[in-house]
A.B. asks: 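The structure under discussion is supplied below as structure tokens; questions concerning it will follow.
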Amino acid sequence: MATQFITETKRTHSCGALRGSDIGKEVVLFGWVQNRRDHGTLIFIDLRDRDGLTQIVFDPDLGKEAHERAQKLRSEWVLGIRGKVRARGQQMSKKEGKVISATNDKLATGEVEVEVYEMEIFNESETPPFEISEHVKAGEELRFQHRYLDLRRPQLQQSIIKRSKMNAIVRSYMVENGFLELETPFMGKYTPGGARNFLVPSRLNPGKFYALAESPQLYKQLFMVAGFERYFQIVKCFRDEDLRLDRQPEFTQIDVEMSFVTQDDVFTIIEGLIKKLWKGVLDIDVPTPFRRLDFYESMAKYGNDKPDLRFGLEHVELTEVIKRLGPDAGVPMITEAVEQKGIVKAMVIPAQYPLSRKETDDLEVFVQGMGSKGLGRAKISETGEWTQAPLFKNAKPELRAEILKATGAKSGDLILFQFGKESLVHTVMANLRVHIAKKLKLIPEFGSGGVWNFLWVVDPPLFEFDEETNQWAAAHHAFTRPHDECVQYLETDPGKVKCYRYDVVLNGFEIGGGSIRLHKPDVQAKVFKALGIGDVEAREKFGFLLDALKFGAPPHGGLALGMDRLAMLLTNAESLRDVIPFPKTQKGTDLMTGAPGDVDEKQLRDLYVKTTAQPK
RNA sequence: GGGGAGUUAGUUCAGCUGGUUAGAACGCCGCCCUGUCACGGCGGAGGUCAGGGGUUCAAGUCCCCUACUCCUCGCCA
């Protein structure tokens, strides 16, 4: 008499659980058909659940009725089976013509199999649009349309499971350290500056809009003013900016804020958290404290504020050399660039990594793709001649000598140059450095633990000059605390003011950032003044925060870690999309649901909204 | 907003200098098979070459436009 699965017969083991020690047990497994190998009489099925694979065998001698129905089984059908665990043992192989071991070392459960005498087919499946297999690579477009199937793939599933584990580790660590998990609104008031906001029209307040929080920044500061002292939250943030492989319009932060702390106190807490995460997820001990790198040094050597320190290829600044030699240098293009306030930087590719002419040309195409006019190059020959160096054809010997001295280039080395507008030179050189490192395989593989190069980038400028508006703008936000010794420059020389802002960087990814906040109204006033923000404007934009700071705000600071990027790095994923269950495409669409979608006229009327988009 | 790559069978791709009936592998369907494990053997079905326009005696192939996907610069305090 057949048992009723689920209601009467409960699952006893997962598909990843059975071992040699379970031989002889009667078990019940539930799962999906991963694979079917039908030998006519014997039928092997790999049954899959989130925990693993178990081979189940249908043998007409042991369960005639089950075997009969097993012939129909196809990929992704959902089954419940009852049977007995047995050793795979030694079997006569027809292929080999002799008795061999039938165990499968590739499977955790490979020592055993389950002989089935009863089966219920919970559900059949249509042939899936792509195989749920590690061996077959379906395109992302198709995988996104059927994300629920894509999420069945063990690799992706394991990444999502790791994320769940990360959440648990974060919560337990933060709570242990006296942090309160507090919630903040997603729908808030639009505040200017920073990322573009998603807007939500208010039906009850015609013509008014909420802004989806780009981060809980302001609210978490208010928690400090309120006296909660230590706050954290694993929270969604929303930014309506263009996507990249490490950027999604909605993403998750581990948001942290603490009262009565210095920058060092924040670092210690975050280093401890990262240590726990790496230990818990990868069983790797991360050494602390992390290295600290001055912002300006980072820009000079690596061209950005999130350097990958797993390899060298440091940049060398040549601007001063060119300035010193003036028009006598013999390379008018470079001299001109410097005269127009540009900079000159170089990078040496050591002789042990020879690049062909074609490869170097490809590098030029690469930099041109970023807006560079070209790639200056000079190959130093055995005899010290400069070859493949049209730019330096008429360069004076002093210049060549100075460049060799500054770069330390030796015979056989290739020197690459960029010159021109500072921001472009930095962008191009920073990307070129990473591009070449990948090409030359200077970056250690993830396997065998990988190399985890954590660092804090510290002491950046509080302001940066915005050439478009011809004004100083906040480099981070207007509530970052300047170094005490820099306060004197707030009015006279804003560019000189460094601040307590910090980014935590791992292998070229900014995984988090934050600052110690300004809590003194008088200094705050000076910062607003430097930014050209008047009292009225400040009140209008940040009134509630300024008010709050007046009623006894404690010194405080914090940081936010990018949960998605952490997950991406911890799982060796190539993209954020591989650690987010339901990600969006580069145009911000969801290929499964079709979001964003149309709404009808009535909905828009209710919201007092009219679209100006032209119908297609 | 700019630059680049791509779109051919269910899937991943090949398709040369424009020229017969658009191919392969996997998957799918059928038959056979008692030790497979990405089983194997034999047979079969399956195509709006993204969409539109153009050049040509002739277009998957050349040109233009559009859509979508990806990478990237700008943007992301």
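Since we're looking at a predicted model, the values are computed, not measured. Here is how names work: the chains are called A, B, and so on, in the same order as the sequence lines, proteins then strands, and each is numbered from 1.
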A.B. asks: Looking at B/rU11, I'd like to know if its phosphate oxygens (OP1 or OP2) sit under 4.0 Å from a side-chain N or O belonging to A/Arg143.
C.D. replies: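 No, outside the criterion.
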
A.B. asks: Verify, without hydrogens or angle tests, whether A/Arg88 (side chain) and A/Ser101 (backbone) share a donor-acceptor contact under 3.5 angstrom.
C.D. replies: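 Flag not set: sc A/Arg88 to bb A/Ser101 has no pair under 3.5 Å.
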
A.B. asks: A/Glu141 has a side chain; which of B/rU69, B/rC70, B/rC73 sits nearest to it?
C.D. replies: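 Given the options B/rU69, B/rC70, B/rC73, the side chain of A/Glu141 is closest to B/rU69.
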
A.B. asks: Measure up the A/His435 and A/Phe366 rings against each other and bin them: parallel (under 30°), tilted (30 to 60°), perpendicular (over 60°).
C.D. replies: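 Because their plane-to-plane angle is under 30°, the rings of A/His435 and A/Phe366 count as parallel.
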
A.B. asks: Determine the interatomic distance between C1' on B/rU34 and the same-named atom on B/rG60; round to the nearest Å.
C.D. replies: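 B/rU34 and B/rG60 have their C1' atoms separated by 48 Å.
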
A.B. asks: Return yes if the base of B/rC37 and the side-chain atoms of A/Arg88 contain a donor-acceptor N/O pair under 3.5 Å, otherwise no.
C.D. replies: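 Between B/rC37 and A/Arg88, which were checked side chain against base, a qualifying N/O pair under 3.5 Å is present.
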
A.B. asks: Within the 4.0 Å heavy-atom criterion, would you say A/Glu113 contacts the bases, only the backbone, or no part of the nucleic acid?
C.D. replies: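 Counting heavy atoms under 4.0 Å across all strands, the contact made by A/Glu113 includes a base.
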
A.B. asks: So, do A/Pro482 and A/Val523 sit near enough that their side-chain heavy atoms are less than 4.5 Å apart?
C.D. replies: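 A/Pro482 vs A/Val523: side chains touch.
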
A.B. asks: Counting just side-chain N and O atoms, does A/Asn431 come under 4.0 Å of either OP1 or OP2 of B/rU72?
C.D. replies: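 Indeed not, no polar side-chain atom of A/Asn431 lies that close.
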
A.B. asks: Salt bridge check, A/Arg48 against A/Glu76: does any charged N sit closer than 4.0 Å to a carboxylate O?
C.D. replies: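 Salt bridge: yes.
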
A.B. asks: Measure from CZ on A/Arg247 to C1' on B/rC73 and round the result to the nearest Å.
C.D. replies: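 Those two atoms, CZ and C1', are 11 Å apart.
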
A.B. asks: Given B/rC73, B/rU36, B/rC76, which nucleotide is nearest the side-chain atoms of A/Met370?
C.D. replies: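 Nearest to the side-chain atoms of A/Met370, counting from C-beta on, is B/rC73.
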
A.B. asks: Using OP1 and OP2 only, check whether a side-chain N or O of A/Ser93 sits under 4.0 Å from B/rU36.
C.D. replies: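 Yes, because at least one side-chain N or O of A/Ser93 sits under 4.0 Å from OP1 or OP2 of B/rU36.
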
A.B. asks: With sugar-phosphate meaning primed atoms plus P, OP1 and OP2, does A/Gly369 contact a base, only sugar-phosphate, or nothing at under 4.0 Å between heavy atoms?
C.D. replies: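 Base, at least one base atom sits under 4.0 Å.
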
A.B. asks: Ignoring backbone atoms, test whether A/Lys137 places a side-chain nitrogen or oxygen under 4.0 Å from the OP1 or OP2 oxygen of B/rU11.
C.D. replies: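 The answer is no; no side-chain N or O of A/Lys137 sits under 4.0 Å from OP1 or OP2.
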
A.B. asks: Rounded to whole Å, please give me the gap between CD in A/Gln90 and C1' in B/rU34.
C.D. replies: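 Answer to the nearest Å: 17 Å.
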
A.B. asks: Give A/Gly139 one of three labels, base, sugar-phosphate or nothing, depending on what nucleic acid heavy atoms sit under 4.0 Å from its own.
C.D. replies: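 Counting heavy atoms under 4.0 Å across all strands, the contact made by A/Gly139 is with sugar-phosphate only.
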
A.B. asks: Find which nucleotide of RNA chain B each of A/Leu245 and A/Gly40 is nearest to by heavy atoms, and output the residue with the more 5' nucleotide.
C.D. replies: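 Result: A/Gly40.
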
A.B. asks: Could you tell me whether the side chain of A/Arg239 reaches within less than 4.5 Å of the side chain of A/Pro249, counting heavy atoms only?
C.D. replies: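 Not touching, per the 4.5 Å side-chain cut-off.
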
A.B. asks: At 4.0 Å (heavy atoms only), tell me whether A/Gln586 reaches a base, stays on the sugar-phosphate, or touches nothing.
C.D. replies: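 Counting heavy atoms under 4.0 Å across all strands, the contact made by A/Gln586 includes a base.
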
A.B. asks: Taking only the C1' atom of each, what is the distance from B/rG27 to B/rG35 in whole angstrom?
C.D. replies: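 Each nucleotide's C1' atom is 24 Å from the other's.
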
A.B. asks: Establish whether the base of B/rG74 is bridged to the side chain of A/Arg196 by a donor-acceptor pair shorter than 3.5 Å.
C.D. replies: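 A donor-acceptor contact between them is absent.
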
A.B. asks: Describe the nucleic acid contact of A/Ala102 in one word from base, sugar-phosphate, nothing, applying a heavy-atom distance below 4.0 Å.
C.D. replies: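 Counting heavy atoms under 4.0 Å across all strands, the contact made by A/Ala102 includes a base.
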
A.B. asks: Can you tell me whether the side chain of A/Arg239 and the base of B/rC76 have a donor-acceptor pair closer than 3.5 Å?
C.D. replies: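 Checked by distance alone, the answer is no.
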
A.B. asks: So what's B/rC68 paired with, Watson-Crick or G-U wobble, going by both distances under 3.5 Å?
C.D. replies: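 Looking at the geometry, B/rC68 pairs with B/rG6.
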
A.B. asks: Where the side chain of A/Asn431 meets the backbone of A/Val428, is there a donor-acceptor pair that is under 3.5 Å apart?
C.D. replies: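 A pair under 3.5 Å: no.
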
A.B. asks: Counting only side-chain heavy atoms from C-beta out, which of B/rU34, B/rG1, B/rA38 sits nearest to A/Thr41?
C.D. replies: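 When the side chain of A/Thr41 is considered, B/rU34 is the closest of B/rU34, B/rG1, B/rA38.
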
A.B. asks: Could you please name the partner base of B/rC16, counting Watson-Crick and G-U wobble pairs only when both distances are under 3.5 Å?
C.D. replies: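 In the structure as shown, B/rC16 has no Watson-Crick or wobble partner.
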
A.B. asks: Is the aromatic ring centre of A/Phe130 closer than 5.5 Å to the centre of the six-membered base ring of B/rU11, with the two planes inclined by less than 30°?
C.D. replies: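 Not stacked by the 5.5 Å and 30° rule.
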
A.B. asks: Identify all pairs in which a protein N or O lies below 3.5 Å from an N or O of nucleotides 25-32 of chain B, and state each distance.
C.D. replies:
| unit_1 | atom_1 | unit_2 | atom_2 | d |
| --- | --- | --- | --- | --- |
| B/rC26 | O2' | A/Glu131 | OE2 | 2.9 |
| B/rG27 | O4' | A/Glu131 | OE2 | 3.3 |
| B/rC29 | OP1 | A/Arg74 | NE | 3.1 |
| B/rC29 | OP2 | A/Arg74 | NE | 3.4 |
| B/rG30 | OP2 | A/Arg74 | NH2 | 3.4 |

A.B. asks: Regarding A/Leu591, tell me which of base, sugar-phosphate or nothing describes its non-hydrogen contacts under 4.0 Å with the strands shown.
C.D. replies: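 Sugar-phosphate, no base atom in range.
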
A.B. asks: Considering every strand and a 4.0 Å limit on heavy-atom distances, what is the contact class for A/Ile100: base, sugar-phosphate, or nothing?
C.D. replies: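 Since only primed, P, OP1 and OP2 atoms lie under 4.0 Å of A/Ile100, the category is sugar-phosphate.
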
A.B. asks: Assert yes or no for the condition that the ring centre distance of A/Tyr302 to A/His315 is strictly below 6.0 Å.
C.D. replies: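 Not under 6.0 Å, so no.
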
A.B. asks: Taking atom P in both B/rG19 and B/rU11, what distance in whole Å separates the two?
C.D. replies: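 B/rG19 and B/rU11 have their P atoms separated by 26 Å.
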
A.B. asks: Check this for me, if you would: do A/Asp459 and A/Lys498 make a salt bridge, where the nitrogen-to-carboxylate-oxygen distance has to be below 4.0 angstrom?
C.D. replies: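 The answer is no: the pair does not qualify as a salt bridge.
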
A.B. asks: Determine, for A/Asp46 against A/Arg36, whether the closest basic-nitrogen to carboxylate-oxygen distance falls under 4.0 angstrom.
C.D. replies: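 Looking at A/Arg36 together with A/Asp46, the answer is no, because their closest N to O distance does not fall below 4.0 Å.
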
A.B. asks: Determine the contact category for A/Leu107: base if any of its heavy atoms lies under 4.0 Å from a base atom, sugar-phosphate if only primed atoms, P, OP1 or OP2 are that close, otherwise nothing.
C.D. replies: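 A/Leu107: no heavy atom of the nucleic acid under 4.0 Å.
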
A.B. asks: Can you tell me the base-pairing partner of B/rG30? Count Watson-Crick or G-U wobble geometry only, both distances below 3.5 Å, and say none if there is no partner.
C.D. replies: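 Base-paired to B/rC42.
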
A.B. asks: Over all strands shown, is A/Ile43 touching base, sugar-phosphate only, or nothing at heavy-atom distances under 4.0 angstrom?
C.D. replies: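 Contact class for A/Ile43: none.
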
A.B. asks: Taking 4.0 Å as the cut-off, does a side-chain nitrogen or oxygen of A/Arg577 come that near to OP1 or OP2 on B/rC71?
C.D. replies: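 The answer is yes; a side-chain N or O of A/Arg577 sits under 4.0 Å from OP1 or OP2.
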
A.B. asks: Describe the nucleic acid contact of A/Arg565 in one word from base, sugar-phosphate, nothing, applying a heavy-atom distance below 4.0 Å.
C.D. replies: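 If one applies the 4.0 Å heavy-atom cut-off, A/Arg565 turns out to touch nothing in the nucleic acid.
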
A.B. asks: With sugar-phosphate meaning primed atoms plus P, OP1 and OP2, does A/Thr103 contact a base, only sugar-phosphate, or nothing at under 4.0 Å between heavy atoms?
C.D. replies: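 A/Thr103: base contact, heavy atoms under 4.0 Å.
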
A.B. asks: Under 4.0 Å between any heavy atoms, over every strand shown, what does A/Thr427 touch: base, sugar-phosphate, or nothing? Just pick one.
C.D. replies: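 If one applies the 4.0 Å heavy-atom cut-off, A/Thr427 turns out to touch the sugar-phosphate alone, with no base involved.
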
A.B. asks: So which atom in A/Ile132 and which in A/Leu149 form the shortest heavy-atom distance, rounded to 0.1 Å?
C.D. replies: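 Looks like CD1-O, 3.6 Å.
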
A.B. asks: Out of the candidates A/Arg481, A/Gln217, A/Met224, only one should pair with A/Arg517 under the side chain to side chain contact (heavy atoms under 4.5 Å, CB included) rule; please name it.
C.D. replies: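 Considering A/Arg481, A/Gln217, A/Met224, a side chain to side chain contact (heavy atoms under 4.5 Å, CB included) with A/Arg517 is found only for A/Gln217.
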
A.B. asks: Indicate yes or no: does A/Asp150 engage A/Arg143 in a salt bridge with an N to O separation below 4.0 Å.
C.D. replies: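 A/Arg143 and A/Asp150: salt-bridged.
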
A.B. asks: Please list, in numerical order, the residues of residues 55-72 of chain A that have a heavy atom closer than 4.0 Å to any atom of RNA chain B.
C.D. replies: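 Correct list: A/Gln55, A/Asp61.
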
A.B. asks: Using a cut-off of less than 4.0 Å, is there contact between a side-chain N or O of A/Thr589 and OP1 or OP2 of B/rU69?
C.D. replies: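 Yes, within the criterion.
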
A.B. asks: So what does A/Gln217 touch, heavy atoms closer than 4.0 Å: a base, only the sugar-phosphate, or nothing?
C.D. replies: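 Base contact - A/Gln217 has a heavy atom under 4.0 Å of at least one base atom.
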
A.B. asks: Just by modelled atom types, is the A/Arg19 backbone N or O under 3.5 Å from a matching donor or acceptor in the A/Glu111 side chain?
C.D. replies: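 No, because the side chain of A/Glu111 does not come within donor-acceptor range (under 3.5 Å) of the backbone of A/Arg19.
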
